[in-house]
Amino acid sequence: MTERAEEGNTMAGTGPETLAAAFERQRGRLVAVAYRMLGSRADAEDAVQEAWLRLGRQDAEAIDNLAGWLTTVVGRICIDLLRARTAHPELSYEQRLPEFVVTEDDDEQPADEAVLAESVGLALLVVLDTLGPAERLAFVLHDMFAMPFDEIGRILDRSADAAKMLASRARRKVQGTPRPTDDRRRQWQVVDAFLAASRDGDFDGLLRVLDPDVRWTVHSSRGVAVRHGAAEVAERARLGGRTSVDASRALVNGEPGIVVRAPNGRLVGVMACTVAGGRIVEIVSVSDPARLATIDLPGGRDG
């Protein structure tokens, strides 16, 4: 039995308070589904809230499987939102970038944030944003949440075979996305070594912790810049380490990352690092003040 079926097979005899409690038990997972679909925590929460409003207009006793019903509704809401984005080309790629979720590296974060962060690094979210709405839904629901293809097909008004083909096509596009392969302790060791070498201007030390094919994608107020290769990334990190900034550790979308502040405490950058095989293989960072202003940091937006 999948996680979606935890609520049982019937909502018969459900009163308003019981229904609300059952919905709250599903909220964290639904937000996680919607976040992977939409790349925005705010949009994900709005989608889940809309599902709650639609649930209120239904006869709960007629719903055989609340978890499955809610997943279907959230999936269709996300599909509509993604199609609306596609229909409005005035939205730039930068505006549709995944939201950065920054949390402390401890076990005290709320359960829904833990679900949200699990295995959903920024590099993957960026690639997911290149998929068509149907491809994205099929991949997210099947590969990340183990929903059967016949159920996915019903959400998309397609056959199970068509849903399977969509997921397969999406999987091929996602295949090259760097994924963490090291345990958390080892990941932090590598990121700490990267930080230390940057501060010391140690070019050789940076090369030792960077994968030869590392990619660093920077989202600044001037647009998106991509640096490829260990030498180019190491040189940029070495130069950045010479500036008067304070860099500290934080989890960024569930992966080891770095928060960078100016001497006056102002947030000037957030970086997410993907570590595999003892080296950093991907860095995604934001230095655009407008985007940084939307990021909630542990202890408050300005720390």
Side-chain angles (χ1 to χ4, degrees), residues 28 31-32 35-36 39-42 44-45 97-126 177-200 206 209-210 214-220 233 236-237 240-241 243-276 278-303:
V31 170
Y35 180 67
R36 286 158 170 80
S40 163
R41 177 64 183 262
E45 291 180 337
L97 285 172
E99 179 181 331
F100 279 44
V101 179
V102 181
T103 52
E104 294 179 356
D105 182 30
D106 58 31
D107 297 325
E108 301 302 319
Q109 57 184 322
D112 63 330
E113 289 193 359
V115 172
L116 178 67
E118 184 181 358
S119 301
V120 62
L122 284 169
L124 176 58
L125 283 172
V126 169
T177 307
R179 305 288 184 92
T181 60
D182 299 15
D183 62 38
R184 180 56 53 80
R185 183 181 62 84
R186 178 57 178 151
Q187 290 178 48
W188 277 126
Q189 288 175 345
V190 173
V191 172
D192 286 344
F194 173 81
L195 269 175
S198 299
R199 289 169 179 150
D200 296 341
L206 285 164
V209 296
L210 293 171
V214 63
R215 182 175 65 178
W216 185 354
T217 305
V218 182
H219 304 283
S220 71
V233 171
R236 181 65 188 88
T243 59
S244 300
V245 295
D246 175 58
S248 58
R249 310 188 335 174
L251 284 175
V252 182
N253 291 59
E255 294 179 344
I258 300 167
V259 171
V260 184
R261 298 179 183 275
N264 63 3
R266 179 174 56 88
L267 182 66
V268 295
V270 176
M271 304 167 61
C273 304
T274 302
V275 178
R279 292 187 174 186
I280 296 175
V281 297
E282 178 95 6
I283 301 172
V284 180
S285 64
V286 164
S287 59
D288 178 11
R291 287 189 61 83
L292 291 174
T294 69
I295 298 175
D296 288 317
L297 298 178
R301 179 163 292 169
D302 296 323

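Side chains included, hydrogens not; waters and symmetry mates left out as well; all remaining heavy atoms used. Here, residue 1 is the first one in the sequence, and each next residue gets the next number.
Between the CZ atom in Arg41 and the CD1 atom in Ile295 there is a gap of 14.0 Å [rounded to 0.5 Å]. The distance from atom CZ of Arg184 to atom CG of Leu251, rounded to the nearest 0.5 Å, is 5.0 Å. Arg249 contributes atom CZ, which lies 10.5 Å from atom CD1 of Ile258 (distance to the nearest 0.5 angstrom). Note that CG of Asp183 is 8.0 Å distant from CD of Gln189, once rounded to the nearest 0.5 Å.
In this structure, Arg261 contributes its side chain and Ser248 its backbone to no donor-acceptor pair below 3.5 Å.
Counting all heavy atoms, side chain and backbone alike, Val252 lies closest to Gly257 at CG2-CA, 3.9 Å. In terms of heavy atoms, Pro256 sits closest to Gln187 at CD-OE1, 3.0 Å.
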- List the steps, then state whether side-chain contact (heavy atoms from CB on, under 4.5 Å) holds for His219 with Val286. CA-CA 5 Å; His219 304 283; Val286 164; 4.0 Å; yes
- Message: Working note: Val214 + Arg279, criterion side-chain contact (heavy atoms from CB on, under 4.5 Å); need CA distance, chi angles, decisive distance, verdict.
- Response: CA-CA 9 Å; Val214 63; Arg279 292 187 174 186; over 6 Å; no
- Item | Full working for side-chain contact (heavy atoms from CB on, under 4.5 Å) between Met271 and Leu195 | CA-CA 11 Å; Met271 304 167 61; Leu195 269 175; over 6 Å; no
- Item | Check against side-chain contact (heavy atoms from CB on, under 4.5 Å), Ile280 and Val275 | CA-CA 4 Å; Ile280 296 175; Val275 178; 4.2 Å; yes
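For the side-chain contact (heavy atoms from CB on, under 4.5 Å) test, residues two or more places apart in sequence or in another chain that qualify with Ala42 are Ser40. Remark: Ser287 engages Val218, Ser220 in a side-chain contact (heavy atoms from CB on, under 4.5 Å) (not counting sequence neighbours). Annotation: salt bridge (charged side-chain N to carboxylate O under 4.0 Å, His left out) contacts of Asp246 (sequence neighbours excluded): none. For Ala193, the side-chain contact (heavy atoms from CB on, under 4.5 Å) partners are Val209, not counting sequence neighbours. Qualifying salt bridge (charged side-chain N to carboxylate O under 4.0 Å, His left out) partners for Arg236, counting only residues two or more places apart in sequence or in other chains: none. Residues forming a side chain to side chain donor-acceptor pair (under 3.5 Å) with Asp200 (at least two apart in sequence, or on another chain): none.
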